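I have placed the structure first, in the form of structure tokens, so that the comments after it can refer back to it.
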Protein chains: 2
Amino acid sequence: MEAPVVRGKVEAQIANDPEARAGGALPYELIELFFFAYRDFVSDPDRILAELEFGRAHHRVLHFVNRNPGLTIAELLDILKITKQSLNRVLKELVGTAFIEVRTGQADRRQRHLHATASGHALAARLAAVQGERIRQALQSVPASAHPAIEAYLTAMIDPEERKQVLSRIRKGPVG
Amino acid sequence: MEAPVVRGKVEAQIANDPEARAGGALPYELIELFFFAYRDFVSDPDRILAELEFGRAHHRVLHFVNRNPGLTIAELLDILKITKQSLNRVLKELVGTAFIEVRTGQADRRQRHLHATASGHALAARLAAVQGERIRQALQSVPASAHPAIEAYLTAMIDPEERKQVLSRIRKGPVG
DNA sequence: CCATATATGTCAGCCTTATTGACATATCTC
DNA sequence: GAGATATGTCAATAAGGCTGACATATATGG
């Protein structure tokens, strides 16, 4: 998974001259660590995806469909925050290669419910496995007592307005 | 800052059927938290950059030039891991808008040493300030005793072969 | 039953940021 | 002077976003 362009809401408004801020020195180390950590975090899936001629966009779609079986197009657009035109291109490819299956809604026949196929599930799990392995290894370099703090920190990095929604989607129990 | 595509080296090689792994459940929560955290982390600069008709590529270049005054083209390419053609496009724009200044090397006149101008420094600081504010706020939601663990965790997420180099570049002392 | 709203699909064109390959120029080093 | 090195540039291509416009199927409310 890699972050798409997102137009969220302005949060911390800081005076135009940041040098004159009250807070003092900027946390350059953490800014750069986060940048490099994320860069390498997505590099593992990238290599697997390249074998299949897929990109990060495919990964994101497959990941969330696998994690949320029966997801509709509208829900997926809301998670990914991209346009339906952009989604459609990669979704078509994932359906065409039988990693994702589309089912017409029962209650509302306008809706399309997305499901990972067996091979889609396997690929999603393989991609999550390499990322999970990096996370697991990184956690080991830190006392276990600090693990909850890491989760709390990452959660607090998310826009406050989105936090609740994100957390509710995340805590679904293992689908992998 | 946002991560460019990177072709690192394969690290954790996991059996093709991740379901059969020894480790057990995959850390889906941390995978998704990292994704959403990074997405929002880059959204703040994105809004400022949009005002100036700049993109993330400009941010990355300006950031590292500001942090490493006198950086050469080759060194910058090594940090960003993009091609010189890609770099040149955004660099030209940053030089054209006088956010970055190019100086011919003294010892080696083939080299170009890059420096942020006063306005480049101000913009870089402004961008770092919004990201720093998000980080500062996130750190507050965690006991201060866990702060070193967060730094250690992010460091451990970086490819081991790159870690030393990254850390040595990061620990430069405040240039902002 | 009809009008309108909703969920999705699709066409066409554009932008940014990356890529590869080829080649040019200036300068340094042996 | 020959060759290596640092940088610049031209051209073509690709991925993955975007906007705008429009089509279709289905639901829903009056």
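All of these numbers come straight from a predicted model, not from anything done at the bench. Throughout, a chain's letter reflects where its sequence line sits, starting with A, and its residues are numbered from 1.
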- prompt: So does A:Ser86 get a side-chain nitrogen or oxygen closer than 4.0 Å to the phosphate oxygens (OP1/OP2) of D:dC18?
  reply: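 For D:dC18, OP1 or OP2 has a side-chain N or O of A:Ser86 closer than 4.0 Å.
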Take atom [atom1] of [X] and atom [atom2] of [N], then tell me their distance rounded to the nearest Å.
| X | N | atom1 | atom2 | answer |
| --- | --- | --- | --- | --- |
| B:His113 | D:dA6 | NE2 | P | 12 Å |
| B:Ile82 | C:dT16 | CD1 | P | 16 Å |
| A:Leu87 | C:dC11 | CG | P | 16 Å |
| B:Leu91 | D:dA6 | CG | P | 17 Å |
| A:Leu80 | D:dC18 | CG | C1' | 15 Å |
| B:Ile73 | C:dT25 | CD1 | C1' | 15 Å |
| B:Leu77 | C:dT20 | CG | P | 13 Å |
| B:Leu114 | D:dG8 | CG | C1' | 13 Å |

query: Which residue pairs pass the salt bridge (charged side-chain N to carboxylate O under 4.0 Å, His left out) test with at least one member in residues 86-104 of chain B, sequence neighbours excluded?
result: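 Checked against salt bridge (charged side-chain N to carboxylate O under 4.0 Å, His left out) - neighbours excluded - the pairs reaching residues 86-104 of chain B are B:Glu101-B:Arg103.
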Salt-bridged, [X] to [Y], with N to O below 4.0 Å?
| X | Y | answer |
| --- | --- | --- |
| A:Glu162 | A:Lys81 | yes |
| A:Arg126 | A:Glu51 | yes |
| A:Arg171 | A:Glu151 | yes |
| B:Arg134 | A:Asp159 | yes |

Extract from the structure each pairing of a protein N or O with an N or O of nucleotides 10-15 of chain D at less than 3.5 Å, listing the distance.
none

message: Please list, in numerical order, the residues of residues 97-112 of chain B that have a heavy atom closer than 4.0 Å to any atom of DNA chain C.
response: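 Output list: B:Ala107, B:Asp108, B:Arg109, B:Arg110.
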field: Side-chain (A:Thr72) to main-chain (A:Gln111) donor-acceptor, under 3.5 angstrom
entry: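 Flag not set: sc A:Thr72 to bb A:Gln111 has no pair under 3.5 Å.
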message: Taking the six-membered ring for Trp, are B:Phe34 and A:Phe34 closer than 6.0 Å centroid to centroid?
response: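 Yes - the distance between ring centres of B:Phe34 and A:Phe34 falls below the 6.0 Å cut-off.
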- prompt: If we ignore angles and hydrogens, is there a donor and acceptor under 3.5 Å between the side chains of A:Glu32 and B:His63?
  reply: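 A:Glu32 vs B:His63: donor-acceptor pair found between side chains.
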task: For A:Val90 and for B:Asn88, locate the closest nucleotide of DNA chain D by heavy-atom distance; then report the residue assigned to the nucleotide nearer the 5' terminus.
output: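 Result: B:Asn88.
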query: Step by step, would you call B:Phe35 with A:Tyr38 a ring pair (Phe, Tyr, Trp, His ring centres under 6.0 Å)?
result: CA-CA 8 Å; B:Phe35 169 74; A:Tyr38 190 80; 7.4 Å; no
query: Of all the nucleotides listed (D:dC22, D:dG8, C:dT19), which has the minimum atom distance to the side chain of A:Lys84?
result: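 In terms of side-chain proximity for A:Lys84, the closest of D:dC22, D:dG8, C:dT19 is D:dC22.
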